Amino acid sequence: KKFANPSDIIKLVFDGVLILFQGPLASVQSCKINMAKTEISWFEPSFKPQALQMMSNPNFLNQLVEFGNTGKDCMNDETIEFLSVYMELEQFNPAVAKNASTAAE
């Protein structure tokens with residue numbers, strides 16, 4: 001499925017995937033995002049162009065599956081630290097993502 005301009009929660013999910021794959025992130029710039037009908041002071045997600053480029057890789061889905069099988073067991077402390085900022089957001093959860101997109105289910 002193509003995400004031309006997904007909701008902010010979906011953009012943050014892709015930020016998390018970029019972090020897990022140690023991909024490039026956008027420069028930090030403050031912005032407001034909306035998740036679960038709540039405005040949050042945050043930083044600009046790395047969806048365009050970083051996540052779009054990652055998704056255009058023909059092996060992207062295979063890489064996700066492989067990460068789920070073995071990569072998740074190899075995360076270092078720095079990766080977990082980067083992800084913890086997202087995990088601490090109350091609205092960053094599967095129910096909110098599912099509500100934004102059935103593809104995120």
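The structure presented is a predicted model; accordingly, all values stated were derived computationally and were not measured.
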Please output the side-chain donor-acceptor pairs of residues 56-71 that fall under 3.5 Å, not counting sequence neighbours, one pair per line with the distance.
| residue | atom | partner | partner atom | Å |
| --- | --- | --- | --- | --- |
| Ser56 | OG | Gln53 | O | 2.7 |
| Asn57 | OD1 | Asn59 | N | 2.7 |
| Glu66 | OE2 | Thr70 | OG1 | 2.8 |
| Asn69 | ND2 | Val65 | O | 3.4 |
| Thr70 | OG1 | Glu66 | O | 3.2 |

- Summary of side chain to side chain donor-acceptor pair (under 3.5 Å) pairs that have at least one residue in residues 34-43, sequence neighbours excluded: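 Residue pairs passing side chain to side chain donor-acceptor pair (under 3.5 Å), neighbours aside: Lys32-Ser41.
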
For residues 9-29, dump all side-chain donor-acceptor pairs below 3.5 Å to protein atoms at least two apart in sequence or in another chain.
| residue | atom | partner | partner atom | Å |
| --- | --- | --- | --- | --- |
| Lys11 | NZ | Asn5 | OD1 | 3.2 |
| Asp15 | OD1 | Ser46 | N | 2.8 |
| Asp15 | OD2 | Tyr86 | OH | 3.0 |

- Query: Glu78: what forms a side-chain contact (heavy atoms from CB on, under 4.5 Å) with it, not counting sequence neighbours?
  - Reply: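 Asn76, Phe82.
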
- Item | Value rounded to 0.5 Å, distance of CE in Met35 from CG in Asn93 |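 Atom-to-atom, Met35:CE and Asn93:CG are 8.5 Å apart.
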
